[in-house]
Amino acid sequence: MRNQLKHYINGEWIESTGSETIEVINPATEEVLGKISSGTEEDLDKAVKAARDAFPSFSRSTKEERIQWLKKIAEGYEARKEELIETMTDELGAPLSVSEEVHYHMGLGHFKQAVESLEDFSFSEDRGGHTLIKESVGVSGLITPWNFPTNQTSTKIASAIAAGSPVILKPASKTPYAAMILAEIIDEAGLPKGAFNLVNGTGSVIGNGISSHPDIDFVSFTGSGSVGEKIMKNAAETIKKVALELGGKSPVIVLDDADVEEAAKTALSNIMTNTGQVCSAGTRVFIPQSMKDSFEKKIVDLLPTFLVGDPRKEGIATGPLVSKDQWDTVQSYIEKGEKEATLLAGGTGKPEGLETGYYAKPTIFTDVSNDSVIAQEEIFGPVTTIITYENLEEAIDMANDTVYGLAGYVVGKDPETVRYVASSIKAGRIKINDAKTDFNGPFGGYKQSGIGREWGDFGIEEFLEIKSVHGMPSS
Ligand code: NAD
């Protein structure tokens with residue numbers, strides 16, 4: 001049993017001031033993995049005080065010091081590779097290969113990128129009439145979701161360290177253990193006491209406490225839109241800066257010159273990777289009407305190549321959903337879809353032979369109308385929708401007809417058309433065909449997908465304030 005009941009505050013692991021605990025469940029077995037403390041307001045106050053005390057010196061640390069801390073964290077992270085991978089498979093249900101190739105890799109990528117970005121980063125610039133100075137935004141509260149346990153935490157922590165901003169991290173209580181390993185790694189990297197703190201607990205106590213705390217200057221939140229809205233309202237009372245990374249319902253626009261197999265693979269990998277629990281997943285697939293039959297046949301043929309099952313087994317591409325609640329939500333959307341559209345594959349219930357664990361059937365709907373519930377609301381599971389279009393302008397209009405704007409995907413060949421579509425989708429990140437991820441590429445959303453950007457130099461900017469100094473004496 002993995003009972004890890006301490007919080008990391010002011011450079012040490014300390015007991016919670018409360019006695020309540022939260023169970024962490026392995027979604028593949030439905031068994032209790034262990035417990036964490038449900039932190040109290042007093043715990044949070046201690047962490048905020050530690051961060052405030054750290055602020056004067058941490059915010060004045062040099063670029064070289066920050067680079068050394070980040071490099072040590074990246075080394076420590078690499079040294080604990082196996083443990084991180086195993087932990088994310090246990091707490092999230094991600095197949096071992098996904099824990100390694102996606103989760104482990106992304107967490108590491110952000111620390112390495114922060115080093116690279118810092119090397120070229122200028123905190124002071126002579127702009128003729130004034131000197132522009134960028135300095136720490138202050139004490140920062142980080143609130144993260146469960147779906148990418150190291151990616152979401154690492155991008156925020158790496159940017160905060162690069163900016164010299166002390167933090168209090170509240171990881172998602174469904175997946176706290178990878179974040180706690182990260183805290184151990186940071187502990188060994190020699191950061192000043194109080195520069196990094198971790199308090200476990202519920203959203204209603206610790207999350208809410210962070211967004212309303214008078215001594216926290218900035219909240220960086222990743223999670224659902226409904227919680228993002230609460231955070232903004234809370235933060236308004238103390239005029240706190242907020243960055244919100246929220247949900248999405250991203251389009252995949254398949255052009256008429258696209259290879260059908262490539263298009264079907266793109267559509268499937270969007271819902272099968274991380275069991276579709278990806279904020280930027282492309283879950284509305286727009287295909288030319290003329291491609292409907294061939295695309296439907298190809299996507300159904302390819303579906304079994306993404307094996308669903310025990311995340312610890314070799315060859316498995318897709319594990320269970322994270323929790324019973326998430327499974328119930330996905331089921332209710334599949335039920336709605338069965339009334340709104342044509343079920344091409346999957347459906348309600350669990351896949352055969354996978355009765356234990358929160359496994360869902362990968363589900364494909366076709367003849368979907370873009371204004372239906374399954375095409376407008378974020379499902380966060382292995383469910384996709386196929387929508388046909390007659391001409392490109394219609395596809396673009398439908399792609400943008402959503403409250404979200406996190407990501408977009410374009411599959412096709414003609415360079416001019418590809419560029420035109422990429423520039424027409426109203427979203428913060430566009431991926432063309434099988435382009436690789438660049439860790440310096442900003443990540444964040446338009447519209448209700450959020451406010452602000454993470455990753456690379458733009459991520460560092462979020463943790464900084466801007467000052468213009470007029471009449472600065474030359475040094
Ligand atoms: P969630 O909003 O329920 O929880 C996210 C975090 O907020 C958790 O740590 C939770 O404990 C905390 N929280 C809950 N109530 C709170 C409150 N009242 N005040 C402050 N904090 C509170 O989201 P989730 O279910 O963990 O994650 C899924 C959602 O996250 C999806 O909507 C997904 O699209 C979104 N997401 C977005 C991105 C992105 O970068 N845009 C990335 C991953 C996930």
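Atoms within each ligand, like the ligands themselves, are counted from 1 in listed order.
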Q: Show your reasoning for whether salt bridge (Lys or Arg N to Asp or Glu O under 4.0 Å) applies to Lys81 and Glu100.
A: CA-CA 8 Å; Lys81 179 176 180 181; Glu100 177 174 355; 3.1 Å; yes
(Q) Just to confirm my output: which protein heavy-atom neighbour is closest to atom 1 (P) of ligand 1, and how far is it? (A) Ser224 OG, 3.5 Å
Q: Report the part of Glu454 in contact with ligand 1, treating N, CA, C, O as backbone and CB onward as side chain, heavy atoms under 4.0 Å; options are side chain, backbone, both, neither.
A: neither
Q. At what distance is the nearest protein heavy atom to atom 35 (C) of ligand 1, and which residue and atom is it?
A. Gly223 O, 3.1 Å
Q: Starting from atom 9 (O) of ligand 1, find the nearest protein heavy-atom neighbour and note its residue, name and distance.
A: Thr144 O, 2.7 Å
**Q.** Polar contact flag for Leu246 and ligand 1 (N/O pairs, less than 3.5 Å)
**A.** yes
Q: Hey, could you give me the CG/OG1 distance between Leu182 and Thr87, rounded to the nearest 0.5 Å?
A: 11.5 Å
Q: Would you kindly specify which portion of Glu245 sits under 4.0 Å from ligand 1, judged on non-hydrogen atoms: side chain, backbone, both or neither?
A: both
Q: For residues Ile210 and Ile168, report the shortest heavy-atom separation together with the two atoms involved.
A: CD1-O, 4.2 Å
Q: Enumerate the atoms of ligand 1 whose separation from the nearest heavy atom of Glu378 is less than 4.0 angstrom.
A: 31 (C), 32 (O), 33 (C), 34 (O)
Q. Heavy-atom contact under 4.0 Å between Phe148 and ligand 1?
A. no
Q.
According to ring-ring contact (aromatic ring centres under 6.0 Å, His included), who are the partners of Trp455, at least two apart in sequence or on a separate chain?
A. His110, Phe439, Phe443
Q: Give a yes or no on whether atom 41 (N) of ligand 1 lies under 4.0 Å from any heavy atom of the protein.
A: yes
Q | Atom pair CE/CD1 of Met232 and Ile451 - distance to nearest 0.5 Å | A | 3.5 Å
Q: Tell me, please, whether Tyr359 has Lys350 positioned over its six-membered ring: NZ or CZ under 6.0 Å from the ring centre and within 45 degrees of its axis?
A: no
Q.
On a heavy-atom basis, I'd like to know which of Gly209, Gly141, Cys279, Pro171 is closest to atom 39 (C) of ligand 1.
A. Cys279
Q) For Ser211 and ligand 1, does the shortest N/O to N/O distance drop below 3.5 Å? A) no
(Q) Looking only at distances, can you tell me whether any N or O atom of Lys230, backbone or side chain, sits closer than 3.5 Å to an N or O atom of ligand 1? (A) no
Q.
Test of understanding: with ring-ring contact (aromatic ring centres under 6.0 Å, His included), list the residues that count as partners of Trp327, not counting sequence neighbours.
A. none
**Q.** Partner of His7 under side chain to side chain donor-acceptor pair (under 3.5 Å), chosen from Thr40, Asp43, Asn200
**A.** Asp43
Q: Would you tell me which option among Asn147, Val227, Ile231 has the nearest heavy-atom contact to atom 22 (C) of ligand 1?
A: Val227
Q: Have a look at ligand 1 and work out which part of Leu406, if any, has a heavy atom under 4.0 Å from it: side chain, backbone, both or neither.
A: side chain
Q: Check if Ala172 has a non-hydrogen atom at a distance under 4.0 Å from any atom of ligand 1.
A: yes
Q) With only distance considered, is Gln152 within less than 3.5 Å of ligand 1 through an N or O on each side? A) no
